[in-house]
Amino acid sequence: MSTTRRAAVVAIVVCALAFTIAVPLRTYLSQRAEVAEQEARQEQLRQQVERLEERQAELSDPAQVEAEARRRLRYVMPGETPYIVQLPEDEKADREPAPEDGAPKRHGAWYEQLWNGVTEGE
């Protein structure tokens, strides 16, 4: 056999081996990346479970539940007088932005808006 034919046969054998190895290698590398991604997700979920278990332990205390109800739901005990302090910054946040089409802002109940529309001729 001539050297050119030997070189061609060797090249074909090397290409066949490369193609034979390429697909499993690609699959292996993609699965490794997926495993690393899933392990990171598992660690995040573990941390979330730890936070939730800590929160559950906090809420097992009746005093903590009462404090949460007072803070978040604004519950008061019978006989207590609730007070709500409204600061000027709160009023600015409550105001709605003016409509962009130049129409005046509407405040009050629907029947007040209707009456104002009738009396003002809108």
State the [atom1]-[atom2] distance between [X] and [Y], to the nearest 0.5 angstrom.
X    : Y    : atom1 : atom2 : value
R74  : I84  : CZ    : CD1   : 5.5 Å
R46  : E39  : CZ    : CD    : 9.0 Å
E50  : E54  : CD    : CD    : 7.0 Å
L114 : T119 : CG    : OG1   : 9.5 Å

Item to complete: Show the numbers, then the answer: is there a side-chain contact (heavy atoms from CB on, under 4.5 Å) between L45 and Q48?
Response: CA-CA 5 Å; L45 291 174; Q48 183 179 4; 3.7 Å; yes
Worksheet item: For V65 and L59, which heavy atoms make the closest approach, and how far apart are they?
Response: CG2-O, 3.1 Å
Worksheet item: More than 12 non-hydrogen atoms from neighbouring residues, nucleotides or ligands closer than 6.0 Å to CD on E43, yes or no?
Response: yes
Discussion item. Surrounding CD of E34 (heavy atoms of other residues, nucleotides or ligands, distance under 6.0 Å), is the total greater than 12?
Written reply: no
Practice prompt. Please name all residues satisfying side chain to side chain contact (heavy atoms under 4.5 Å, CB included) with E80, sequence neighbours left out, ordered by chain then number.
Written response: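 In terms of side chain to side chain contact (heavy atoms under 4.5 Å, CB included), with neighbours along the sequence ignored, E80 is linked to R70, V76, M77.
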Item to complete: With sequence neighbours excluded, tell me which residues meet side chain to side chain contact (heavy atoms under 4.5 Å, CB included) with Q31.
Response: T27
Worksheet item: Is there a donor-acceptor contact under 3.5 Å from the side chain of E112 to the main chain of A109?
Response: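 Pair found, side chain donor or acceptor close to backbone of A109.
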Worksheet item: With a 4.0 Å cut-off, would you call E68 and R55 a salt bridge?
Response: yes
Discussion item. Side chains of V85 and L87, heavy atoms from C-beta outward: is any pair under 4.5 Å?
Written reply: yes
